[in-house]
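Residue numbers start from 1 in every chain, and the chains themselves are labelled A, B, ... in the order their sequence lines are given, proteins ahead of strands.
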Amino acid sequence: MKMKADRHTVLVGGKRLELSRLNKVLWPEAGLTKADLIAYYWQIAPRLLPHLYKRPLTLTRYPDGIEEGMFYQKDTPSYAPDWLKTYRVVSDDSREIRYLLAEDEATLVWLANQAAIELHPWMSTTDHPDYPSYAVVDLDPATGAEFGDVVEIAGLVRVLLQELGLKGYPKLSGASGIHIYIPLWPRYPYRLTSRFVGYLGELIVKAYPQKATNERLVAKRDGKVYIDHLQNLPGKTIVAPYVPRPLPHAPVSVPVEWEELIVTGSGRGVQPHDFTLADIKVILARPPLFEQMYQAPQSLDKIMPLFAAGEKEGQKVH
DNA sequence: TACCTTA
DNA sequence: TAAGGTAACCCATAT
DNA sequence: ATATGG
Ligand SMILES: [Mn+2]
Ligand SMILES: [Mn+2]
């Protein structure tokens, strides 16, 4: 049976958008369609946009749903509407990429119609492209590790940060791990923020080698939680908060309170897939936990000597 | 998803 | 006309 | 040098 006029024209923020194949199923197991994705992005816009402002994007697109082929996209295609904001980067080999900037509802809706399920913003803004405005502690459970282990390691990260006079903001990755954002003044280059997180990782592995690991070789991670500091290097990105994942039940990466994660006594802490695309109302009803981040950038100046030994300008002298 | 290239 | 291809990175680290 | 992982 063929669905009739599976398309609609909508007006978003003064822009006319042609939406296509609205009934196409993107998450077969959950029965969620492109219409659902568009509705989600439209509604979540006020929560999401602050985290995308001035941040060039990498997209992951799934035009035939999460069980079919995907592709990454950085360069804005020529067929994109001319009102889209872009940021031009010319690499050494003079290749040019026009990165997309998503700074309004209309752009989000257009992206969703393109079946761009995931948005991965830079950790730096176009104001200071080489200086990230946050570092991320990316906690990835290896096979055999449980989410409780991830939470345990996250708790150690929290205490360690407190020890260093810093504050971190946790979110569910939406897959199986946790991302802890550490807002910074945009004055430390990527190399250094990566080194900083690597230092945190070393301390935690030293303190808890049973469950934390730095091993780059998957085989040596066994049932442990991998502290992936390399995720902070230039060109790497992490899925933005409030972005859905291309996994069976459309779980969403959602900021959480430390107290929701680390539950004392008999209660059950928040679980990795507690929020899905279908839970848009629940997600919107939660406080915007990450928004204060940008009002509270932090300094690494005092603790830099602990991990930046011989860093300086970064290059080898000879 | 949309476009381009090739048969 | 239709089928097939393309749409991104790359480097820190280990061996 | 080459492989690996994310
Ligand atoms: Mn991760
Ligand atoms: Mn990772």
Side-chain angles (χ1 to χ4, degrees), chain A residues 6-8 17-26 33-35 37-38 41 56-66 68-82 84 86-93 95-100 107 109-124 129-130 136-143 173-179 189-199 201-202 205 213-221 224-239 245-246 307 311 314-316:
Chain A
D6 192 11
R7 350 175 25 98
H8 281 292
L17 289 170
E18 189 74 10
L19 306 180
S20 60
R21 309 238 201 166
L22 290 169
N23 299 320
K24 171 160 294 184
V25 175
L26 297 185
T33 63
K34 193 144 74 78
L37 181 67
I38 293 167
Y41 269 115
L57 293 176
T58 297
L59 318 173
T60 67
R61 294 183 53 193
Y62 295 77
D64 294 314
I66 65 168
E68 304 299 326
M70 63 82 69
F71 58 92
Y72 288 86
Q73 188 169 312
K74 291 181 163 177
D75 197 23
T76 303
S78 51
Y79 53 81
D82 55 12
L84 285 180
T86 61
Y87 176 71
R88 181 186 287 93
V89 175
V90 180
S91 51
D92 300 332
D93 47 337
R95 271 180 328 199
E96 171 184 305
I97 293 183
R98 289 159 57 236
Y99 284 90
L100 189 69
T107 300
V109 170
W110 181 78
L111 283 169
N113 187 60
Q114 291 289 101
I117 291 183
E118 292 180 312
L119 313 180
H120 299 244
W122 286 11
M123 297 181 197
S124 52
D130 299 327
V136 176
V137 183
D138 174 26
L139 301 179
D140 296 329
T143 56
S173 78
S176 55
I178 290 176
H179 301 149
Y190 279 97
R191 297 293 186 299
L192 195 117
T193 59
S194 173
R195 219 169 242 254
F196 162 58
V197 175
Y199 170 71
E202 280 174 27
V205 169
T213 180
N214 273 345
E215 281 294 347
R216 300 228 2 344
L217 244 32
V218 161
K220 303 181 88 171
R221 294 181 196 161
K224 300 175 187 172
V225 177
Y226 177 52
I227 303 167
D228 182 10
H229 71 281
L230 298 172
Q231 203 62 46
N232 291 278
L233 288 171
K236 305 275 192 180
T237 55
I238 286 229
V239 71
R245 310 304 304 272
F307 57 86
E311 183 72 12
Q315 299 315 321
K316 69 164 86 172

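Counting any heavy atom pair closer than 4.0 Å across all strands shown, A:I97 reaches sugar-phosphate atoms only and no base atom. If you check every strand for non-hydrogen atoms under 4.0 Å, A:R21 touches sugar and phosphate atoms only.
A donor-acceptor pair under 3.5 Å is formed between the side chain of A:R221 and the backbone N or O of A:E215. For A:D138 (side chain) and A:H179 (main-chain N/O), no donor-acceptor pair under 3.5 Å exists by modelled atom type. In terms of modelled atom types and a separation under 3.5 Å, the side chain of A:N232 and the main chain of A:H229 share a donor-acceptor contact. Panel note: side chain A:E118, backbone A:R61; no donor-acceptor pair is recorded below 3.5 Å. Here the side chain of A:R98 pairs no donor or acceptor atom with the backbone of A:Y87 at under 3.5 angstrom.
Distance, A:F71 CZ to C:dC9 P: 14 Å, rounded to whole Å. In this structure, CE of A:M70 is placed 16 Å from P of C:dT6, rounded to the nearest angstrom. Rounded to an integer number of Å, the gap from A:N214 CG to D:dG6 P is 13 Å. At whole-Å resolution of the value, CG in A:D64 and C1' in C:dT6 are 14 Å apart. Taking atom CG of residue A:N232 and atom P of nucleotide D:dG6, one finds them 15 Å apart after rounding to whole Å. In this structure, A:Y226 atom OH and D:dT4 atom P are separated by 16 Å, rounded to whole Å. Rounded to whole Å, atom P of C:dA8 lies 8 Å from atom NZ of A:K74. A straight line from CD of A:Q231 to P of C:dC11 spans 15 Å, rounded to a whole angstrom.
No side-chain N or O of A:K34 forms a donor-acceptor pair with one of A:N23 less than 3.5 Å apart.
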Legend entry - Test log, rule side-chain contact (heavy atoms from CB on, under 4.5 Å), inputs A:E202 and A:N214: CA-CA 7 Å; A:E202 280 174 27; A:N214 273 345; 3.9 Å; yes

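For the atom pair A:Y99 OH and A:L59 CG, the distance stands at 11.0 Å (nearest 0.5 Å). The line from OG of A:S194 to CZ of A:F307 is 10.5 Å long, rounded to the nearest 0.5 Å. Considering CG of A:L119 and OG1 of A:T58, their distance stands at 10.0 Å, rounded to 0.5 Å.
Salt bridge A:K24/A:D6: absent, no basic N to carboxylate O contact under 4.0 Å.
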What pairs of nitrogen or oxygen atoms, one from the protein and one from nucleotides 12-15 of chain C, lie under 3.5 Å apart?
unit_1: C:dA12; atom_1: N3; unit_2: A:R216; atom_2: NH2; d: 3.0

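With P as the reference atom, C:dC10 and B:dC3 are 27 Å apart, rounded to whole Å. Rounded to whole Å, the P atom of D:dG6 lies 24 Å from the corresponding atom of C:dA7. Nucleotides C:dA8 and D:dG5 have their P atoms positioned 24 Å apart, rounded to a whole Å. Distance check on atom C1': B:dT1 versus C:dC11 gives 31 Å, rounded to whole Å. Comparing the C1' positions of C:dC9 and D:dT4 gives an interatomic distance of 15 Å, to the nearest angstrom.
Annotation: proximity of residues 112-120 of chain A to DNA chain B (heavy atom, distance under 4.0 Å) is found for A:N113, A:Q114, numbered in ascending order.
Residue A:D92 qualifies as open at atom CG: its count of foreign heavy atoms under 6.0 Å is 12 or below.
Taking only side-chain atoms of A:Y72, from C-beta outward, the nucleotide of C:dA8, C:dA7, D:dG6 with the closest atom is C:dA8.
Along DNA chain B, read 5' to 3', the first and last nucleotides having any atom under 4.0 Å from a heavy atom of chain A are B:dT1 to B:dC3.
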